[in-house]
Amino acid sequence: MRIRKKKWAEPELSVCDFFVKNPGEHAGNWKSAFSEEQPLYLEVGCGKGGFAGQLALQCPDKNIIAVDIKIDMLGVGRRTIVKLFEESGKTQEEIDNLLLVCYNVEQLDKIITPDDKIERLFINFCNPWPRARHKKRRLTYPRKLEMYKSFLADGAEIRFKTDDDGLFEESVAYFEESGYEITYLTRDLHNSNFEGNIMTEHEKMFSDEGIPIKFLIARVKNRVND
Ligand SMILES: C[S@@+](CC[C@H](N)C(=O)[O-])C[C@H]1O[C@@H](n2cnc3c(N)ncnc32)[C@H](O)[C@@H]1O
């Protein structure tokens, strides 16, 4: 997703209590980066932050790390999250179960380690990269699914949504060949029996265009027993 330069993004994030300035400092100890130790959820490619903000409000008993490569996107995300909290009657100071991180997912295992034991990973509407020579950039590409396994807890889930048919079908194969078990799959999420879906900015845009949303849940097999 392209985004114009936002001059205010970095200054606002530099004084934001839920923006992480030095993510490497928390490697292996993300639980302590939050005010309360709770299970960790991770969103990669969080974009404008609507999903992470709603998730944080709906799941106060979980700690959420939301990662994006673009600082300007995270600047927009910060504003979205503050607005969502304020609309639900909470102050900015009460945003204590969500952290924003500016980082390239390609290198994520440098800042999130096996000790972090992420319980759930969300990949929402990642870039489809349809050209053969670019497919390895996909956030569901097997090399990344292998990397995610390094910090996912046993039995943890990846929840993946997209509008893109080609990306979805190839990702199903990526998950299977990378040793994940697909426990739920629908090619039309909004007309499925899945409950509790949280819409992202891209999801709203594509569903307004009448494009069905593809969704799957993949579980990391227990590495000892499976
Ligand atoms: C198409 S947008 C989707 C945003 C949001 N998840 C949604 O559903 O509305 C993809 C997002 O992934 C981010 N992204 C792409 N490649 C990335 C990478 N390698 N590391 C971190 N973020 C990345 C982009 O900056 C962008 O915000």
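The model shown is predicted, which means the values in this text are computed figures rather than measured ones. Whatever order the structure lists them in is the order used to number ligands and atoms, beginning at 1.
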Does any N or O of ligand 1 fall below 3.5 Å from an N or O anywhere on E203, backbone included? no
Ignoring angles and geometry beyond distance, decide whether D68 reaches within less than 3.5 Å of ligand 1 through its nitrogen or oxygen atoms. yes
I want to know whether F215 and F160 have ring centres closer than 6.0 Å. no
Measure the shortest side-chain to side-chain distance between E94 and E86 over non-hydrogen atoms and say whether it is less than 4.5 angstrom. no
Atoms of ligand 1 under 4.0 Å from any heavy atom of G47, numbered from 1 in the order shown, are 4 (C), 27 (O)
Could you work out, for atom 22 (N) of ligand 1, the closest of I69, D164, I123, N127 by heavy-atom distance? I69
Hey, what else clusters with W129 if you join Ile, Leu, Val, Met, Phe, Trp, Tyr whenever side-chain heavy atoms sit under 4.5 Å? none
Under the side chain to side chain contact (heavy atoms under 4.5 Å, CB included) criterion, do M199 and F51 qualify, and how do the steps go? CA-CA 6 Å; M199 294 261 267; F51 179 87; over 6 Å; no
Atoms in ligand 1 with a heavy atom of N124 nearer than 4.0 Å: 3 (C), 5 (C), 6 (N), 8 (O)
E201 heavy atoms, cut-off 4.0 Å: which ligand 1 atoms fall inside? 9 (O)
Side chain proximity check, T162 to F206, heavy atoms < 4.5 angstrom: no
Considering the heavy atoms of N104, write down every atom of ligand 1 situated less than 4.0 Å from one of them. 18 (C), 19 (N), 20 (N)
Any atoms of ligand 1 less than 4.0 Å from a non-hydrogen atom of M73? List them with their elements. 27 (O)
Proximal ligand 1 atoms for V105, defined as those under 4.0 Å from one of its heavy atoms: 18 (C), 19 (N), 20 (N), 21 (C)
Heavy-atom contact check, 4.0 Å cutoff: does Y103 meet ligand 1? yes
Is the NZ atom of K7 crowded by more than 12 outside heavy atoms at less than 6.0 Å? no
Enumerate the atoms of ligand 1 whose separation from the nearest heavy atom of T200 is less than 4.0 angstrom. 7 (C), 8 (O), 9 (O)
Partner of F122 under side chain to side chain contact (heavy atoms under 4.5 Å, CB included), chosen from L42, L55, I198: L55
Ligand 1 to F125, heavy atom cutoff 4.0 Å, flagged ligand atoms 1 (C), 2 (S), 3 (C), 8 (O), 10 (C)
Between V44 and N124, is there a side-chain heavy-atom distance shorter than 4.5 Å? no
